[in-house]
Amino acid sequence: MIPINTTQRTSPDLRVLDALSSESSSTRLQAALAAGTHPDVRFVGPLVARCAIEPDFYVRDMLTWALTRLPAEDTVPVLLKELGSEVAQARSQALHTLSKIGDRAAWPAITRSLLHDADDEVARSAWRAAVVLVPDGERTRLARDLADQFGRGDRTVRLSLSRALVALGAVIEPVLRKGLASADPEVCAHARATERLLRDPDAGFDESKRIVALGPERAEGA
């Protein structure tokens with residue numbers, strides 16, 4: 001464990017900042033844990049900057065946890081700036097962290113361009129953040145924005161979209177009907193899988209994956 005000097009200081013503990021860029025993922029993980037265990041608003045910038053380039057999933061997750069330990073009024077403005085980054089991971093991690101913080105003041109920043117981002121990981125993070133932050137009056141519009149992407153990507157991407165839609169509840173039923181009526185078999189299959197998840201999230205999960213992967217005709221014959 002990296003020790004933290006808890007006495008008064010004028011700058012963030014340099015040992016933690018140095019450890020965040022260590023070649024060892026274990027050291028970086030400990031540094032992120034230390035930063036979250038002893039929250040200091042002066043770590044916001046370095047933590048967010050590390051999120052944009054950190055290659056290890058577990059370290060990124062700990063960085064997000066450390067940021068959630070800090071006041072939202074300090075973290076959210078910095079994270080919102082990251083949403084305009086040209087680096088896909090910076091956008092994705094900022095969205096992920098915003099979803100964990102859950103400050104609905106961030107909702108206006110979840111734009112349609114982020115929901116439709118060309119990078120699948122950014123889009124998936126945007127979907128998850130959107131369903132956490134969306135105000136009640138915007139849920140129908142969000143459902144339409146999400147359903148416009150029925151048929152997108154591989155099975156993992158499609159299931160992420162389905163889960164996001166299902167999290168919105170009954171408000172998605174009109175867009176499901178539209179998807180089921182689509183002439184595009186991929187759109188129709190994805191809408192059907194989402195409908196099954198909405199009706200029975202537990203029992204329908206594996207079956208939904210099968211339908212999305214096979215398509216409706218092959219799934220029925222399998």
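Since we're looking at a predicted model, the values are computed, not measured. Residue numbers run from 1 in the order of the sequence given.
Partner Gln89 forms a side chain to side chain contact (heavy atoms under 4.5 Å, CB included) with one of Arg60, Glu82, Glu121 and no other, that one being Arg60. Screening Leu133, Val76, Thr64, Val132 for a side chain to side chain contact (heavy atoms under 4.5 Å, CB included) involving Ile101 leaves a single residue, Val76. Of the candidates Cys51, Ser85, Ser125, Ser125 is the only one forming a side chain to side chain contact (heavy atoms under 4.5 Å, CB included) with Ser92. Just one residue in the list Thr97, Asp40, Leu70, Leu17 forms a side chain to side chain contact (heavy atoms under 4.5 Å, CB included) with Leu47, and that residue is Leu70.
Cluster membership for Leu180 and Leu197, using ILVMFWY side-chain heavy atoms within less than 4.5 angstrom, is not shared. Each of Val122 and Val87 belongs to its own hydrophobic cluster when Ile, Leu, Val, Met, Phe, Trp and Tyr are linked at side-chain heavy-atom distances under 4.5 angstrom. The cluster map of Ile, Leu, Val, Met, Phe, Trp and Tyr, joined by side-chain heavy atoms under 4.5 Å apart, puts Tyr58 and Leu33 in different clusters.
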Derivation of the side-chain contact (heavy atoms from CB on, under 4.5 Å) call for Thr194 and Phe150: CA-CA 9 Å; Thr194 305; Phe150 274 145; 3.5 Å; yes
CA sep, side-chain torsions, deciding dist, call: Val59, Leu20, side-chain contact (heavy atoms from CB on, under 4.5 Å): CA-CA 9 Å; Val59 178; Leu20 283 174; 6.0 Å; no
Chi angles and distances behind the side-chain contact (heavy atoms from CB on, under 4.5 Å) call for Leu98, Asp103: CA-CA 7 Å; Leu98 287 168; Asp103 185 349; over 6 Å; no
Glu23/Arg28 under salt bridge (charged side-chain N to carboxylate O under 4.0 Å, His left out): CA gap, chis, key distance, verdict: CA-CA 8 Å; Glu23 292 185 1; Arg28 297 196 306 274; over 6 Å; no
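Arg158 places no side-chain N or O within donor-acceptor distance of the main-chain N or O of His190, the cut-off being under 3.5 Å. Judged by distance alone, with hydrogens and angles left aside, the side-chain atoms of Arg50 form no donor-acceptor pair with the main-chain N or O of Ser21 at under 3.5 Å. A donor-acceptor distance shorter than 3.5 angstrom exists from the side chain of Thr68 to the backbone of Trp65, with no hydrogens or angles considered. A donor-acceptor pair under 3.5 Å links the side-chain atoms of Trp127 to the main chain of Leu115, judged by distance alone.
Checked for salt-bridge contact, Asp119 and Arg91 miss the test: no charged N lies under 4.0 Å from a carboxylate O. Ion pair Arg199/Glu173 flagged as a salt bridge, since at least one NZ, NE, NH1 or NH2 atom sits closer than 4.0 Å to an Asp/Glu carboxylate oxygen.
Scored by the salt bridge (charged side-chain N to carboxylate O under 4.0 Å, His left out) test, Asp145 finds Arg112, Arg141 as partners (sequence neighbours excluded). Shown here are the salt bridge (charged side-chain N to carboxylate O under 4.0 Å, His left out) partners of Arg128, two or more places apart in sequence or in another chain: there are none.
Nearest approach of Ile110 to Ala126, heavy atoms of both residues: CG2-O, 4.0 Å. Closest approach of Arg139 to Leu168, counting heavy atoms only: NH2-O, 3.0 Å. Considering every non-hydrogen atom in both Ala52 and Ala90, the closest pair reads CB-CB, 3.6 Å. The two residues Val175 and Ala147 have their closest heavy-atom pair at CB-CB, 3.6 Å.
Side-chain atoms of Thr111 and Ser113 form a donor-acceptor pair, as typed in the model, at a separation below 3.5 Å.
No side-chain heavy atom of Lys100 sits under 4.5 Å from any side-chain heavy atom of Leu67.
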